Amino acid sequence: MTPFAKKVYRVVLSIPLGQVRTYKWVAQKAGRPGAWRAVGTILNKNPFPVIIPCHRVIKSNNISGGYVFGKKRKKELLGLEGRIKECLANRK
DNA sequence: CAAACTATTCAGC
DNA sequence: GCTGAATAGTTTG
């Protein structure tokens, strides 16, 4: 567990539901604007992949990067989150 | 401490 | 749109 990793986790966990951010964005928020490479590495080897919404972290252009469940599932999750968000906003 | 690896991003064609 | 190269931190020896 490295300090930078902690920041990254914090940032990733701070991503609102239905929102997707890029590795670059996370890295910037983590304090290392040019360390998106490391962000991916950390998330890949992160000690708790389950508590980390890695599916909200994507490469760019809505293209999901990698995930334990598989990139395909992750992509679906992105769309699902969008629906969830609508559901929450529309849960009148 | 150094080398290798990586879930990426940018630039060129 | 695809391929190649660069960057920055983690991990392992």
Side-chain angles (χ1 to χ4, degrees):
Chain A
M1 187 64 111
T2 61
F4 182 53
K6 285 190 200 172
K7 286 185 183 174
V8 173
Y9 299 142
R10 199 182 167 84
V11 174
V12 174
L13 289 166
S14 305
I15 299 175
L17 195 149
Q19 294 283 33
V20 289
R21 299 283 101 126
T22 60
Y23 284 95
K24 208 167 63 170
W25 183 89
V26 176
Q28 191 177 86
K29 274 280 209 182
R32 255 76 208 183
W36 16 273
R37 195 49 66 86
V39 176
T41 312
I42 291 164
L43 291 174
N44 172 250
K45 299 179 162 116
N46 79 67
F48 313 110
V50 202
I51 67 167
I52 302 184
C54 317
H55 58 275
R56 287 187 205 151
V57 188
I58 60 180
K59 293 176 63 175
S60 58
N61 200 72
N62 275 41
I63 303 173
S64 20
Y67 195 40
V68 243
F69 298 144
K71 304 177 191 175
K72 200 177 147 202
R73 296 293 181 209
K74 186 168 166 178
K75 205 169 163 189
E76 293 188 312
L77 279 168
L78 294 179
L80 250 167
E81 282 204 335
R83 286 202 341 189
I84 294 169
K85 194 179 66 177
E86 284 185 59
C87 212
L88 291 172
N90 195 23
R91 61 170 167 78
K92 300 178 180 109

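Within every chain, numbering begins at 1; the chains are lettered A, B, ... in the order of the sequence lines, protein sequences first and strands thereafter. These figures come from a predicted structure and were not determined experimentally.
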How many Å lie between [atom1] on [X] and [atom2] on [N], as a whole number?
X: Phe4(A); N: dT10(C); atom1: CZ; atom2: P; answer: 7 Å
X: Asn61(A); N: dC2(C); atom1: CG; atom2: P; answer: 12 Å
X: Phe48(A); N: dA7(B); atom1: CZ; atom2: P; answer: 21 Å
X: Lys45(A); N: dT6(B); atom1: NZ; atom2: P; answer: 7 Å
X: Ile58(A); N: dA7(B); atom1: CD1; atom2: C1'; answer: 12 Å
X: Asn44(A); N: dT10(C); atom1: CG; atom2: C1'; answer: 10 Å
X: Tyr23(A); N: dA6(C); atom1: OH; atom2: C1'; answer: 19 Å

- Message: Let's go through Leu43(A) and Ile52(A) carefully: what are the C-alpha distance in whole Å and the side-chain angles of both, what is the deciding distance for side-chain contact (heavy atoms from CB on, under 4.5 Å) to 0.1 Å, and is it a yes or a no?
- Response: CA-CA 8 Å; Leu43(A) 291 174; Ile52(A) 302 184; 3.6 Å; yes

Counting any heavy atom closer than 4.0 Å, what does [X] reach on the DNA or RNA strands: base, sugar-phosphate only, or nothing?
X: Leu43(A); result: base
X: Thr41(A); result: base
X: Asn46(A); result: base

- Query: Is there a donor-acceptor pair closer than 3.5 Å between any side-chain N or O of Arg56(A) and the backbone N or O of Ile15(A)?
  - Reply: yes

- Show the numbers, then the answer: is there a side-chain contact (heavy atoms from CB on, under 4.5 Å) between Arg21(A) and Lys29(A)? CA-CA 11 Å; Arg21(A) 299 283 101 126; Lys29(A) 274 280 209 182; over 6 Å; no

- Give none if dA7(B) has no partner; otherwise give the nucleotide forming a Watson-Crick or G-U wobble pair with it, both distances under 3.5 Å. none

- Go ahead and name the base partner of dT7(C); Watson-Crick or wobble counts if both distances stay under 3.5 Å, otherwise write none. none

- Task: May I ask you to verify whether the side chain of Tyr67(A) and the base of dA7(B) hold a donor-acceptor pair under 3.5 Å?
- Result: no

- May I ask whether Ile51(A) and Phe4(A) are part of the same hydrophobic cluster, defined by side-chain heavy atoms of I, L, V, M, F, W, Y residues being less than 4.5 angstrom apart, directly or through others? yes

- Query: More 5' along DNA chain C: Thr2(A) or Trp36(A), using each one's nearest nucleotide?
  - Reply: Trp36(A)

- Message: Using the rule given for side-chain contact (heavy atoms from CB on, under 4.5 Å), can you reason through Asn61(A) versus Thr22(A), listing the C-alpha separation, both sets of side-chain angles and the distance that settles it, and then say yes or no?
- Response: CA-CA 9 Å; Asn61(A) 200 72; Thr22(A) 60; over 6 Å; no

- Message: The side chain of Lys24(A) is closest to which nucleotide in this list: dC10(B), dA7(B), dA8(C)?
- Response: dC10(B)

